[in-house]
Amino acid sequence: MKNIITQFSRIFVGILFIISGLIKLNDPIGFSYKLAEYFSEPVFNMPFFIPFALAIALFLVILEVVLGIMLLIGYKTKFTVWSLLLLIVMFTFLTFYSAYFNVVKDCGCFGDALKLTPWQSFTKDIVLLFFIIILYFNRKLIQPLFNNNVQNIVIYASIVLSSLLGVLVLNHLPLIDFRPFKVGNNIQKGMRIPDGAEKSVVEMVFIYKVGGVDKEFTEKDLMNIPEGAVFVDRKDKVITEGYVPPIHDFTMEKEGSDYKEEFLESPKVMLIVAYDLVHADEDGLAKMEKLHIDAKAKGYQVIGMTASSPEEIATAKKQFGMTFDFYFCDAITLKTIERANPSIVILDKGTILQKVHHNDLADLKF
């Protein structure tokens, strides 16, 4: 019986680690955004790690895949089980911290393929921790499937292939797009809230300075605000979150006006998405004006989409000779639309027809 439980734990943990790792390896940039969120000031306040978020993300996802394979084939059992135990303890701490303090809404455990709430992520890690502890106390029952030479070949091949996949998706686009802005989706439909959908319950909170200290008061407490208190601010506190459409915070703003309805109803629209013009790939930006001219000649409206400031837009347009207009959209939304900076999105009345990395402009079909 002990052997059956151990072998089940071995297969379950190994396969789950491989699946989780491959999903994130398909989109390591997306996972790096999650790590950067953990490193940010409101969470762990470790901003010095943010520039290394992508490198850390790649290392962790490749490690997940390789450890899963090592467990399945019984390679270096003691090292493998210890590594899995340390990794799951770290993940469990992160997901508990996210859930308890409500700081990171989605841990990104399965990328955009499967969204889990913080408490669901924590529960998943507790289950994995349980099975890994079983493996830890029954390490001697995990026997290798092949001889040493075959084992070594399998592991080295998994490391090489995982690394090549990482390089491929970083220089092009994810092989499988799980995001709400994937090809074939319609942006207007993604923004709609269905009839009868659950609505958020929001409480207004008023902040007053009382005796030099900021204090919060709800609507019920307004009659009890002390004399001499000075109003500071008002914020909305979400008590229970209702239905959130897959696409939200999508804007196409310019000079204080939002033009998304106009562009999303138009055929033949090309979006040049560069969420951060300062840190965008310079070779990519240098190709955009020629692409703009070619697309315009074929009847396309061409606009830029960025979260950069007007000053940064002006600098980039001058440096790269770009003559098309840029419209503002939130950086998180733009990062969700496309991972490359810059990249191209072709729309037809709001439906996404193509998405292309700046390295793959030859694949664009007008």
Side-chain angles (χ1 to χ4, degrees), residues 5-35 38 54 56-77 79-96 98-99 104-136 142 145-146 151 154-170 172-180 182 339:
I5 295 174
T6 301
Q7 299 313 318
F8 172 81
S9 302
R10 170 184 184 175
I11 295 170
F12 176 76
V13 173
I15 291 177
L16 201 60
F17 263 76
I18 292 171
I19 292 173
S20 174
L22 286 176
I23 288 174
K24 292 196 288 288
L25 187 56
N26 173 68
D27 183 16
I29 293 179
F31 183 49
S32 74
Y33 293 154
K34 286 297 172 187
L35 292 181
Y38 278 109
L54 181 56
I56 296 171
L58 276 170
F59 172 76
L60 286 176
V61 297
I62 291 174
L63 182 64
E64 272 192 86
V65 173
V66 174
L67 284 176
I69 295 172
M70 289 171 66
L71 180 62
L72 288 180
I73 68 173
Y75 183 82
K76 296 188 181 299
T77 301
F79 171 81
T80 300
V81 174
W82 264 108
S83 299
L84 288 168
L85 185 59
L86 291 174
L87 207 56
I88 198 60
V89 167
M90 180 185 74
F91 288 159
T92 303
F93 167 74
L94 291 177
T95 53
F96 172 76
S98 298
V104 179
K105 304 297 183 182
D106 174 23
C107 71
C109 303
F110 294 99
D112 290 289
L114 177 62
K115 295 288 188 180
L116 298 177
T117 66
W119 284 115
Q120 287 173 337
S121 297
F122 174 67
T123 302
K124 180 264 298 177
D125 286 341
I126 289 294
V127 171
L128 274 173
L129 179 61
F130 170 77
F131 284 110
I132 291 173
I133 289 174
I134 290 175
L135 294 172
Y136 175 80
I142 304 174
L145 297 183
F146 313 106
Q151 300 270 83
V154 170
I155 296 306
Y156 294 147
S158 68
I159 294 173
V160 171
L161 291 175
S162 296
S163 301
L164 288 175
L165 176 58
V167 172
L168 177 68
V169 296
L170 285 177
H172 301 280
L173 292 178
L175 299 179
I176 303 174
D177 192 348
F178 295 106
R179 288 160 288 162
K182 67 182 179 181
R339 300 309 193 198

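The analysis underlying the following values was restricted to heavy atoms, covering all of them including side chains, and did not include hydrogens, waters or symmetry mates. Computed from a predicted structure; not experimentally measured.
With values rounded to the nearest 0.5 angstrom, Leu63 atom CG is found 12.0 Å from Leu25 atom CG. Taken from CD1 in Ile176 to CG in Asn26, the straight-line distance is 5.5 Å, to the nearest 0.5 Å. Taking CG of Leu54 as the reference point, atom CG of Leu35 lies at 9.5 Å (rounded to 0.5 Å). In this structure, Ser98 OG and Tyr38 OH are separated by 3.0 Å, a value rounded to the nearest 0.5 Å. Going from atom OG1 of Thr80 over to atom CG of Leu72 covers 10.5 Å, rounded to the nearest 0.5 Å. The distance from the OG1 atom of Thr95 to the CE atom of Met90 is 10.5 Å, given to the nearest 0.5 Å.
Side-chain atoms of Val89 and Ile132, non-hydrogen and from C-beta on, never get closer than 4.5 Å to each other.
Classification of the Phe122-Trp119 ring pair by plane angle, with boundaries at 30° and 60°, yields perpendicular. Using a 30° and 60° split on the angle between ring planes, Trp82 and Tyr136 fall in the perpendicular class, above 60°.
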Could you check Leu87 against Leu60 for side-chain contact (heavy atoms from CB on, under 4.5 Å), going step by step and ending with a plain yes or no?
CA-CA 9 Å; Leu87 207 56; Leu60 286 176; 4.2 Å; yes
Carefully, step by step, assess Leu85 and Leu129 under the rule side-chain contact (heavy atoms from CB on, under 4.5 Å).
CA-CA 7 Å; Leu85 185 59; Leu129 179 61; 3.9 Å; yes
Test Phe17 against Leu128 for side-chain contact (heavy atoms from CB on, under 4.5 Å), laying out the working first.
CA-CA 10 Å; Phe17 263 76; Leu128 274 173; 4.3 Å; yes
Starting from the C-alpha separation in whole Å, work towards a yes-or-no answer on side-chain contact (heavy atoms from CB on, under 4.5 Å) for Leu71 and Ile142.
CA-CA 8 Å; Leu71 180 62; Ile142 304 174; 4.2 Å; yes
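The heavy-atom pair separating Leu22 from Val65 by the smallest distance is N-CG2, 3.6 Å. Summarising the geometry of Thr77 relative to Gly74, their closest heavy-atom pair is OG1-O, 3.9 Å, with the distance given to 0.1 Å. Summarising the geometry of Leu58 relative to Gly166, their closest heavy-atom pair is CD2-CA, 4.2 Å, with the distance given to 0.1 Å. Asp27 approaches Arg339 most closely through the heavy-atom pair OD2-NH2, 2.7 Å. The two residues Pro28 and Val169 make their nearest non-hydrogen contact at CD-CG2, 3.5 Å. Contact detail for Lys24 and Val61: the closest heavy-atom pair is CB-CG1, 3.4 Å.
Among Ile133, Val13, Asp125, the one residue that satisfies the side chain to side chain contact (heavy atoms under 4.5 Å, CB included) test with Ile88 is Asp125.
Between the Ser83 side chain and the Phe79 main chain, a donor and an acceptor come within less than 3.5 Å of each other.
Ring to ring, Phe146 and Tyr75 are not that close: their centroids are 6.0 angstrom or more apart.
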